[in-house]
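Taking it in order: structure first as structure tokens, then the write-up.
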Amino acid sequence: MMVPSETFDAIVLGAGGAGLMCAAVAGQRGVRVALLDHADAPGKKILISGGGRCNFTNIHAAADRYLSANPHFAKSALGRYRADDFLELVKAYGIAWHEKTLGQLFCDGSARQIVAMLLEECAKGTVTLRLGAVLGEIRHSDGLFHVEQGGATLAARALVIATGGPSIPKLGATGFAYDLARRFGLKVVEPRPALVPLTLGGEEILFRSLSGVAAEVIAGAGKARFREAALFTHKGLSGPAILQISSYWRHGEQIGIDFLPDAEPDWLVQAKRERPRTTLKASLARRLPERLAETLAERLGIGGELGNLADRLLRDGERRLGDWRFSPNGTEGFAKAEVTVGGIATDGLSSRSMEAKSVPGLYAIGEAVDVTGWLGGYNFQWAWASGWAAGQALAS
Ligand code: FDA
């Protein structure tokens, strides 16, 4: 039998964005929190996020910008802890910030400021942070959670799973949260890499020769549509529009790319009337990077002067350019995925407190849970909001 050598009110596993927020909120309300992480530094994903400037929230954060088997689950936490609340904290610490685009807020300086802020928030409360903490056996008995760590056993009435998802394993990311949740009888929605580049194979391999070429497009999969940049890579497709759509894409499905989102209907037939001696390639090159224009014209097999081509052929080309079908053969996987779609099933959790319905005292927050945001600060906002909700509940 494990004998507790240290007793806390709550043990939070994982000192990423969600765990730090949860520990700080609970700790500042007098909850004695042990915050454990196997990494040698807290918040490593915060540090590398947003190119080192951390896109820490998005002013448009709302549940409809998140993927989850239950699209309503995130409403409560996101509604109670908003982008503005996190921004107030950022301002209170004098951290300079700016809005980049599409409501995305970044630090002017460094993501280190966000980690330092969260650590200071923890230090203001009763939080004991332990890094390099390799976790051993975890048990639940007599209303207490027992966690073996470093030859000792920690015990607490509450245990918070905040160990994230398996994206970017080289930063210490693991599927630990899912294993632990399953051991406590919680279900896990199949995890998949998300916000991840897509790979092309077969005859689409020829698009790899466009590596480095980017264009503003509308990318679509199912009902989802994103208007942002797409980038051809030596493996396939990337760029914000593709990362966004990758979260919705499933193996075997196609994605559609509108290469000309601003083109007026019948633009190609119009071009034929106005400049009959021009070619499709030249017409496209007025709107797209030249190499892309050339490849698309070749793939469409539409050569020669527009004046010699039938309107029907041009309309068909226009239609294909507006919904170019790609059949990705995969993604670049968890090694390159910014986040994980899927995770601990929300139907087993309270949307208000993040507590497991069937295991009182057990909580799950952040990326470990089946709530995944769009690109652009949405995932951190979920980490803060779910961490805040659980932190509040721990103190009540
Ligand atoms: P997170 O993964 O941050 O933290 C989990 C912690 O648990 C880690 O510290 C880990 O070491 C620890 N852990 C894991 N397994 C463990 C174990 N077995 N034992 C002990 N500890 C364990 N989002 C956004 O909104 N804006 C952005 O700019 C970016 N940019 C970005 C860039 C890149 C390259 C990536 C990979 C991701 C982003 N994201 C992002 C996504 C964002 O980083 C992510 O959604 C949050 O960090 C999730 O926070 P969590 O606290 O849930 O998990």
Side-chain angles (χ1 to χ4, degrees), residues 60 99-104 197-249 253-329 374-376:
H60 303 304
E99 181 180 340
K100 196 170 171 188
T101 173
L102 302 171
Q104 303 167 3
L198 297 172
T199 55
L200 297 176
E203 61 172 32
E204 287 177 338
I205 267 178
L206 68 92
F207 282 99
R208 294 186 189 174
S209 65
L210 292 176
S211 181
V213 173
E216 183 170 329
V217 304
I218 296 174
K223 288 188 182 141
R225 296 276 176 284
F226 292 94
R227 180 173 180 155
E228 282 187 76
L231 170 72
F232 289 92
T233 72
H234 64 289
K235 290 189 176 165
L237 293 164
S238 188
I242 301 300
L243 298 182
Q244 297 279 32
I245 219 65
S246 73
S247 303
Y248 292 85
W249 176 80
E253 290 178 359
Q254 293 187 325
I255 61 166
I257 302 285
D258 180 353
F259 281 111
L260 300 166
D262 291 321
E264 330 62 63
D266 243 12
W267 69 274
L268 200 46
V269 172
Q270 237 11 72
K272 168 179 158 177
R273 307 268 185 271
E274 287 159 19
R275 294 181 299 281
R277 304 206 57 187
T278 194
T279 60
L280 172 63
K281 182 185 145 191
S283 301
L284 281 175
R286 295 163 76 101
R287 301 164 182 257
L288 291 170
E290 191 156 352
R291 279 163 66 202
L292 178 57
E294 188 176 347
T295 304
L296 293 174
E298 266 171 27
R299 294 289 290 171
L300 286 172
I302 302 180
E305 293 176 2
L306 294 183
N308 296 331
L309 302 173
D311 287 0
R312 184 187 41 76
L313 182 71
L314 298 181
R315 289 203 175 96
D316 187 51
E318 187 185 318
R319 189 187 48 72
R320 285 187 61 194
L321 288 162
D323 185 20
W324 196 279
R325 299 267 117 195
F326 284 101
S327 302
N329 63 0
W374 287 1
L375 185 76

Just by distance, do the side chain of [X] and the backbone of [Y] share a donor-acceptor pair under 3.5 Å?
X      : Y      : answer
Arg225 : Gly222 : yes
Glu228 : Gly239 : no
Arg208 : Leu200 : yes

Could you walk me through whether Leu288 and Val213 pass the side-chain contact (heavy atoms from CB on, under 4.5 Å) test, one step at a time?
CA-CA 10 Å; Leu288 291 170; Val213 173; over 6 Å; no
Hey, are the side chains of Leu300 and Trp324 touching, using non-hydrogen atoms and a 4.5 Å cut-off?
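Answer yes - side chains close enough.
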Drop me the distance from [X]'s [atom1] to [Y]'s [atom2], to the nearest 0.5 angstrom.
X      : Y      : atom1 : atom2 : result
Ile257 : Ile242 : CD1   : CD1   : 4.0 Å
Lys235 : Leu237 : NZ    : CG    : 13.5 Å
Arg287 : Leu292 : CZ    : CG    : 13.5 Å
Ile205 : Asn329 : CD1   : CG    : 8.0 Å
Asp262 : Arg227 : CG    : CZ    : 4.0 Å

Might you confirm whether atom CZ of Arg325 has over 12 heavy atoms from other residues, nucleotides or ligands at distances under 6.0 Å?
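Yes, CZ of Arg325 has more than 12 neighbouring heavy atoms, counting only those of other groups under 6.0 Å.
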With [X], which residues qualify under side chain to side chain donor-acceptor pair (under 3.5 Å), at least two apart?
X      : answer
Glu294 : none
Glu264 : none
Asn308 : none

Going by the side chain to side chain contact (heavy atoms under 4.5 Å, CB included) test, name the single residue among Thr233, Leu296, Thr295 that passes it with Leu210.
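Exactly one option meets the side chain to side chain contact (heavy atoms under 4.5 Å, CB included) with Leu210, and it is Thr295.
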Residues in salt bridge (Lys or Arg N to Asp or Glu O under 4.0 Å) contact with [X], at least two apart in sequence or another chain:
X      : result
Arg277 : Glu305
Arg315 : Asp266
Asp311 : Lys272, Arg273

Apply side-chain contact (heavy atoms from CB on, under 4.5 Å) to Leu206 and Arg299, showing your working.
CA-CA 10 Å; Leu206 68 92; Arg299 294 289 290 171; 3.2 Å; yes
Quick one: closest heavy-atom pair of [X] and [Y], and the distance?
X      : Y      : value
Gly317 : Ile302 : CA-CD1, 4.1 Å
Leu306 : Ser283 : CD1-OG, 3.6 Å
Thr279 : Ala282 : OG1-N, 3.0 Å
Leu284 : Ala297 : CD1-N, 4.2 Å
Ala241 : Val217 : CB-CG2, 4.1 Å
His234 : Ser211 : N-OG, 3.3 Å

Take Trp267 and Leu321, measure what side-chain contact (heavy atoms from CB on, under 4.5 Å) needs, and give me the verdict at the end.
CA-CA 11 Å; Trp267 69 274; Leu321 288 162; 4.1 Å; yes
Evaluate the side-chain contact (heavy atoms from CB on, under 4.5 Å) criterion for residues Trp249 and Phe326: first the C-alpha distance (whole Å), next the side-chain angles of each, then the deciding distance (0.1 Å), finally the verdict.
CA-CA 11 Å; Trp249 176 80; Phe326 284 101; over 6 Å; no
Would you call the rings of Phe207 and Phe232 parallel, tilted or perpendicular, taking 30° and 60° as the class edges?
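Answer is parallel, since the angle falls under 30°.
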